[in-house]
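Values below: all heavy atoms of this structure, side chains included; hydrogens, waters and symmetry mates excluded. As the structure is a computational prediction, the values presented were derived from the model and not from experiment. FYI, the numbering just counts along the sequence from 1.
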Amino acid sequence: QVQLVESGGGLVQAGGSLRLSCAASGLTFSSNTMGWFRQAPGKVREFVAGIDWGGGTTYYADFVKGRFTISRDNAKNTVYLQMNSLKPEDTAVYYCAGRLYGPGVRGTSEYDHWGQGTQVTVSS
């Protein structure tokens with residue numbers, strides 16, 4: 001049974017930082033492309049960042065470039081999202097996702113497995 005468990009969310013002031021973690025089990029983590037998505041109330045789930053199986057290639061949404069960094073530790077079966085310079089508009093539930101095969105990383109339909117999400121709230 002595949003499990004992706006996010007942690008690290010919380011309440012932070014604008015300009016602050018948070019580091020999200022996603023611990024994976026039940027899958028060959030080192031073969032999976034991993035992604036972070038977010039969903040704000042009343043909005044569709046959107047791509048935030050992605051990383052290939054080896055960690056050599058990363059992808060970012062334009063609105064987080066220069067502020068967020070995705071990384072992974074295959075020895076720990078964990079993917080991370082370091083979020084700096086947070087803004088109130090970054091407030092959302094953040095989800096981690098994984099997939100084994102496929103050409104893309106930005107679409108929700110590309111992913112096979114999802115975590116339950118972790119809330120990030122940025123106050124102004």
Side-chain angles (χ1 to χ4, degrees):
Q1 180 181 354
V2 175
Q3 281 195 312
L4 300 177
V5 181
E6 301 95 336
S7 61
L11 174 64
V12 64
Q13 288 189 329
S17 298
L18 283 174
R19 188 195 196 202
L20 305 184
S21 299
C22 172
S25 61
L27 75 168
T28 307
F29 180 77
S30 59
S31 297
N32 272 255
T33 291
M34 301 299 295
W36 284 98
F37 289 75
R38 70 185 188 186
Q39 188 167 16
K43 294 189 176 182
V44 298
R45 192 170 299 189
E46 62 182 357
F47 172 78
V48 175
I51 188 166
D52 73 346
W53 62 274
T57 303
T58 56
Y59 309 83
Y60 295 96
D62 287 343
F63 55 77
V64 302
K65 280 182 181 176
R67 299 190 298 128
F68 292 9
T69 302
I70 188 171
S71 62
R72 68 190 296 160
D73 185 339
N74 286 346
K76 295 182 178 180
N77 285 4
T78 302
V79 61
Y80 305 96
L81 185 68
Q82 177 67 44
M83 306 187 294
N84 299 329
S85 303
L86 283 162
K87 305 174 182 180
E89 51 263 45
D90 294 319
T91 295
V93 177
Y94 283 71
Y95 298 89
C96 115
R99 66 126 170 97
L100 191 56
Y101 299 115
V105 296
R106 299 177 185 270
T108 56
S109 61
E110 303 278 357
Y111 292 83
D112 304 311
H113 311 293
W114 291 86
Q116 82 291 346
T118 186
Q119 176 70 47
V120 171
T121 303
V122 184
S123 64
S124 56

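- Using a distance-only test at 3.5 Å, with no hydrogens or angles considered, a donor-acceptor pair links the side chain of Glu6 to the main chain of Gly117.
- Rounding to the nearest 0.5 Å places CZ of Arg38 at 12.0 Å from CD of Gln119.
- Note that the CG atom of Leu81 and the OG1 atom of Thr118 stand 11.0 Å from one another [nearest 0.5 Å].
- The line from CD of Glu110 to CG of Asp112 is 9.5 Å long, rounded to the nearest 0.5 Å.
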Assess whether side-chain contact (heavy atoms from CB on, under 4.5 Å) is satisfied between Val120 and Met83, documenting all intermediate values. CA-CA 10 Å; Val120 171; Met83 306 187 294; 3.8 Å; yes

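- Expressed to the nearest 0.5 Å, how far OG1 of Thr69 lies from CG of Asn84 amounts to 6.5 Å.
- The hydrophobic cluster around Leu100 extends to Tyr101, counting ILVMFWY residues whose side-chain heavy atoms fall within less than 4.5 Å of a member.
- Hydrophobic clustering (side-chain heavy atoms under 4.5 Å, transitive across Ile, Leu, Val, Met, Phe, Trp, Tyr) keeps Val79 apart from Tyr95.
- At a threshold of 4.5 Å between side-chain heavy atoms, the hydrophobic network of Ile, Leu, Val, Met, Phe, Trp and Tyr places Trp36 and Val105 in two separate groups.
- Side-chain atoms of Arg67 come within 3.5 Å of backbone atoms of Ser85 as a donor-acceptor pair (strictly under, hydrogens ignored).
- Applying the ring-ring contact (aromatic ring centres under 6.0 Å, His included) test to Tyr80 and every residue at least two apart in sequence or in another chain returns nothing.
- Phe68 and Tyr94 have tilted rings, their planes meeting at an angle from 30° to 60° on a 0 to 90° scale.
- Rounded to the nearest 0.5 angstrom, Asn32 CG and Arg99 CZ are separated by 8.5 Å.
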Could you go step by step and tell me if Gln82 and Ser71 meet the side-chain contact (heavy atoms from CB on, under 4.5 Å) rule? CA-CA 8 Å; Gln82 177 67 44; Ser71 62; over 6 Å; no

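- Hydrophobic clustering of Ile, Leu, Val, Met, Phe, Trp and Tyr side chains at less than 4.5 Å, counting indirect connections, keeps Val93 apart from Phe63.
- Note on Phe47 and Leu86: separate hydrophobic clusters, where clusters join Ile, Leu, Val, Met, Phe, Trp and Tyr whose side-chain heavy atoms are under 4.5 Å apart, directly or indirectly.
- No side-chain heavy atom of Leu4 sits under 4.5 Å from any side-chain heavy atom of Trp114.
- For the pair Asp90 and Lys87, the salt-bridge criterion is not met [side-chain N within less than 4.0 Å of a carboxylate O].
- To the nearest 0.5 Å, the span separating CZ on Arg72 from CD1 on Ile51 amounts to 6.0 Å.
- Here the side chain of Ser109 pairs no donor or acceptor atom with the backbone of Gly107 at under 3.5 angstrom.
- In terms of heavy-atom proximity, Thr78 sits nearest to Ser21 at CG2-CB, 4.3 Å.
- In this structure, the side chain of Thr121 does not engage the main chain of Leu11 through any donor-acceptor pair within 3.5 Å.
- In this structure, the side chain of Arg106 does not engage the main chain of Ala49 through any donor-acceptor pair within 3.5 Å.
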Go through Tyr59 and Ile70 one step at a time and tell me if the side-chain contact (heavy atoms from CB on, under 4.5 Å) criterion holds. CA-CA 8 Å; Tyr59 309 83; Ile70 188 171; over 6 Å; no

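- Note on Tyr60 and Phe37: separate hydrophobic clusters, where clusters join Ile, Leu, Val, Met, Phe, Trp and Tyr whose side-chain heavy atoms are under 4.5 Å apart, directly or indirectly.
- The minimum heavy-atom distance linking Ala14 with Pro88 is given by the pair CB-CD, 4.1 Å.
- With a 4.5 Å cut-off on side-chain heavy atoms, Val44 and Gln39 do not count as touching.
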When you look at Met34 and Tyr111, which way does the side-chain contact (heavy atoms from CB on, under 4.5 Å) test go after all the steps? CA-CA 8 Å; Met34 301 299 295; Tyr111 292 83; 5.9 Å; no

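- Ring centroid separation for the pair Phe29 and Trp53 does not come in under the 6.0 Å cut-off.
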